[in-house]
Structure formats: C-alpha cells, structure tokens
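One structure is given below, encoded as structure tokens.
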There are 2 protein chains.
Amino acid sequence: MENDSVSQSLKLFIVLSRAYKAINEHVNKVIQASGLNPTEFAVLELLYHKGDQPMQQIGGKILLASGSITYVVDKLEQKGMLVRIACPNDRRVTFAQITDKGKAFIEEVFPEHAQQIHSLMSSLSDSEKQEAIDLLKKLGLPAGKF
Amino acid sequence: MENDSVSQSLKLFIVLSRAYKAINEHVNKVIQASGLNPTEFAVLELLYHKGDQPMQQIGGKILLASGSITYVVDKLEQKGMLVRIACPNDRRVTFAQITDKGKAFIEEVFPEHAQQIHSLMSSLSDSEKQEAIDLLKKLGLPAGKF
DNA sequence: TTATAATATCTCGACTTCAAGATTATTATA
DNA sequence: TATAATAATCTTGAAGTCGAGATATTATAA
C-alpha cells in the first residue's frame, strides 16, 4: 500500500538522521578537543588531501555559504594553518593553501580521528559496511542532484 | 588488512554524511518555506505527535541545549503555535502544549513534508529501504550509547 | 569598443545555537 | 527544621552560519 511505503521512507529518514547525529556528535568532540571546530577541520583536511583550492570550491565541497568561507579561512589563517595565495591568471580568485604547521596538525590528529570513526562503526561487519556504503551511495547521489 | 578496514569505515562515514546532508538540505528548504525553521518544526512536530512535553524533555529528544529550548519555545509561543503550561505538581517544570493553530499548521504541512521525503528516497526499492533501515539501526543505536 | 552579464570574494546584519552562570523550586540529609 | 544537593528554566555573551548586497574582475554580445 502506498501509505506504508511513505511511512517506510519516513522511518528511513529518521534512522538516517539518528545514525548520522549520534556518530557525528562523538566525532565532533574529538575534533574540538584538538582546538579546531568541525568546519575548520573539514577545510584543513580538504586542503591536505586535495591540495590548494579556490575559496569558491571549498564552499561547494564542504557545503558552506560564501560569507562563511571567508570567516573560516580568516580563522585558519590567524592560526597559521593556511595562507591565501592570489591566483595569477584570474585576479578575482584566491587560493587557500595549507601551511607546514597545518600539515603537521592534520598528520597528528587525523589517525586518531580515523581510528575513532572506525570504532564507532564496529557494530557492523565489513560486509555489512559494504552493503551500507552501496545503499547510501544509491540514496545520496540522486538526492544531491535535485 | 586492518588498514583497509579503517578506510572502509571512513568511507562509510563519508557516504553517510553526504546522504544525510543532501537529503536534509532539501527537506529544510520545504520546511523553511512554511515559515518555521527546522528546529521550530521539530519541536512542534514532537508536541503534535507525542503530546505535551516538559521543556527539559524537548531538549533530550531534539538534541538541543537548555538555553536554546527557551529561545525556540519563545519563538513558537510568539507565533501562537504553542503555549506554556505550569506543572501543578512540580513548580520547577513548565510544559509546552501545542495550540489549535499549531495543530492546523502541522496538519497542513506534514503530508507535503512526508511526500517530499518519500520522493527523495525513490532511488531505493522498498526492500533496499528495509535493508538500509536495519543497517542504520544497527549502526546508530550503539553509537548513541557511547 | 563599450555595455552587459556572470563570477569570485568580501562585508554586514540577522538569526540560531551553545556554554556558563543565575534564579527559583524541590528533594535529601543532618 | 535547617542546610545542602539536585533539578528545571531562564539570562547573557560569544561563536558560527546564512542571505543580501558591495566591489572587483572577467567573459560575452551588440
């Protein structure tokens, strides 16, 4: 029946929200204990793993409004974790580039971060994780394009 | 290998975050178009579906600090969606109670809300949704208890 | 070429949230 | 009973986020 199908979708929405929030809450605590807030950490990790990024792109990847990017990048710059680099080709564009201090920070904190996530996920077996990954990809990819 | 297992957990964390954020972004837009913000909507829906609640309990269920509850309940009271009721047995406690206007609001907006979630989830079949529900429960319940 | 549109970043003001502490009420203990 | 501990709500100040608009640059079209 159509009605049951809708309430099943609602139920999935609820368990998805709960699982995300429960895990994220713990993850954020560890991040904040390191001295950065979750957004700052996300930006710095992006620069570490993907290299220099125009401010614009940071917003797209971390899902942050343009006004907020300026703010977060300011903070990280004040902390010496990144520097702004003017783009030589297009003077509208500014790149954010991680510093040595920023790299050292990520290299110190990231393994613990990864390990914590791993233990928060230990209630699923490897094959269950793979199933969950496949299902969530199938769920999230189309939703991102609406 | 242990290392692959950790990176699989990281991958699950990423797809979980993406799926949640992608869906939530759309859901929040519809809610905000109705004139409430997501937190206000969550509180009002709680009162509609679960009856009168002490302020304290609202915080526990919606995951909100006590200072924020006061603020949100103020807003909803100003909008005529709920009223504060003093508890006759324990004068420390204040109940929040949804008004007729609040009920009418939820009855108008909720079906559209549910339908939107349903269509955001249409990339999964009913049986895949059930698998996802089971896996996310197994993942989220223990994480909530850490 | 010049005018117009699109793009990137930043500024500013408003809103929401939290954390810490204050206030008031209740319960437990001496 | 008096005192202390606990509990629920509210107040305040700080931080983070967004949206709208400002500014500067680049791309496009007449």
Side-chain angles (χ1 to χ4, degrees), chain A residues 17 21 24-29 31-44 46-47 52-79 81-97, chain B residues 17 20-21 24-44 46-47 52-79 81-97:
Chain A
S17 301
K21 285 178 188 169
N24 216 47
E25 187 188 1
H26 294 293
V27 169
N28 284 347
K29 265 181 197 149
I31 289 176
Q32 272 166 331
S34 77
L36 298 189
N37 71 33
T39 308
E40 291 166 348
F41 185 83
V43 171
L44 204 58
L46 176 70
L47 297 182
D52 305 0
Q53 302 283 326
M55 311 267 293
Q56 183 70 5
Q57 310 242 354
I58 295 175
K61 295 187 181 162
I62 311 290
L63 203 53
L64 211 56
S66 77
S68 309
I69 304 165
T70 303
Y71 180 80
V72 178
V73 170
D74 281 352
K75 291 288 172 191
L76 286 169
E77 198 168 25
Q78 285 160 22
K79 291 176 184 174
M81 298 295 193
L82 60 74
V83 287
R84 280 175 163 89
I85 308 271
C87 174
N89 306 326
D90 185 338
R91 285 198 293 172
R92 292 170 304 181
V93 175
T94 306
F95 286 94
Q97 180 177 71
Chain B
S17 301
Y20 172 77
K21 286 180 188 169
N24 215 45
E25 188 190 0
H26 293 293
V27 169
N28 284 348
K29 266 182 196 147
V30 166
I31 289 175
Q32 273 166 331
S34 78
L36 297 189
N37 72 32
T39 308
E40 290 167 348
F41 185 83
V43 170
L44 205 58
L46 175 70
L47 298 182
D52 304 1
Q53 302 282 327
M55 311 265 295
Q56 182 71 4
Q57 308 241 359
I58 295 174
K61 295 188 181 162
I62 311 288
L63 202 53
L64 212 55
S66 78
S68 310
I69 304 166
T70 303
Y71 180 80
V72 177
V73 170
D74 281 351
K75 291 290 171 190
L76 285 170
E77 198 167 26
Q78 285 161 21
K79 291 177 184 173
M81 297 296 192
L82 60 75
V83 288
R84 280 176 163 89
I85 307 269
C87 174
N89 306 326
D90 187 336
R91 285 196 294 171
R92 292 172 304 181
V93 176
T94 307
F95 286 94
Q97 180 178 71

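It should be emphasised that the depicted structure is a prediction, and the values quoted were computed from it without experimental measurement. Heavy-atom basis, side chains included; hydrogens, waters and symmetry copies ignored. Chain letters run A, B, ... following the sequence lines, proteins first and then strands; every chain starts at 1.
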What is the separation between atom CD on A/Glu25 and atom P on C/dC18, rounded to the nearest whole Å? 10 Å

Which heavy-atom pair separates B/Gly59 from B/Ile69 by the least distance, and what is that distance? CA-CD1, 3.4 Å

To the nearest 0.5 Å, tell me how far B/Asp52 CG sits from B/Cys87 SG. 11.0 Å

Show me the donor-acceptor pairs, under 3.5 Å and distance only, between side chains in residues 31-38 of chain B and residues at least two apart or in other chains.
| residue | atom | partner | partner atom | Å |
| --- | --- | --- | --- | --- |
| B/Ser34 | OG | B/Ile31 | O | 2.5 |
| B/Asn37 | OD1 | B/Thr39 | N | 3.0 |
| B/Asn37 | OD1 | B/Glu40 | N | 2.9 |

Nearest nucleotide by nearest heavy atom, which residue falls closer to the 5' end of DNA chain D, A/Pro88 or B/Arg84? B/Arg84

Look up atom CE in A/Met55 and atom CG in A/Leu64, then write down how far apart they are to the nearest 0.5 Å. 10.0 Å

What is the nucleic acid contact for B/Thr94, judged by heavy atoms within less than 4.0 Å: base, sugar-phosphate only, or nothing? sugar-phosphate

For nucleotides 13-25 of chain D, just jot down a letter per nucleotide in 5' to 3' order: B, S or -, based on protein non-hydrogen atoms under 4.0 Å. --SBBBB-----B

Measure CD1/A/Ile85 against C1'/C/dT9 and give the value in whole Å, please. 16 Å

Exam field: side chain B/Glu77 to backbone B/Arg84, donor-acceptor pair closer than 3.5 Å: yes

Rounded distance (Å) that lies between atom C1' of C/dT17 and atom CD1 of B/Ile69: 12 Å

To the nearest Å, how far apart are A/Gln53 CD and C/dT9 P? 11 Å

To the nearest angstrom, the CG-C1' distance between B/Asp74 and C/dT16 comes to 13 Å

Provide the closest heavy-atom pair for A/Ala96 versus A/Leu47 in the form atom of the first, atom of the second, distance. O-CD2, 3.6 Å

Starting from C1' on C/dT24, measure out to CE on B/Met55 and report it in whole angstrom. 14 Å

Which nucleotide, in any strand shown, forms a Watson-Crick or G-U wobble pair with C/dT11, with both distances under 3.5 Å? D/dA20

Atom CD of A/Gln57 to atom C1' of C/dT7: distance rounded to whole Å? 12 Å

Are B/Gln56 and D/dT9 close enough that a side-chain N or O sits under 4.0 Å from OP1 or OP2? yes

Take A/Gln97 and A/Leu82, measure what side-chain contact (heavy atoms from CB on, under 4.5 Å) needs, and give me the verdict at the end. CA-CA 5 Å; A/Gln97 180 177 71; A/Leu82 60 74; 6.0 Å; no

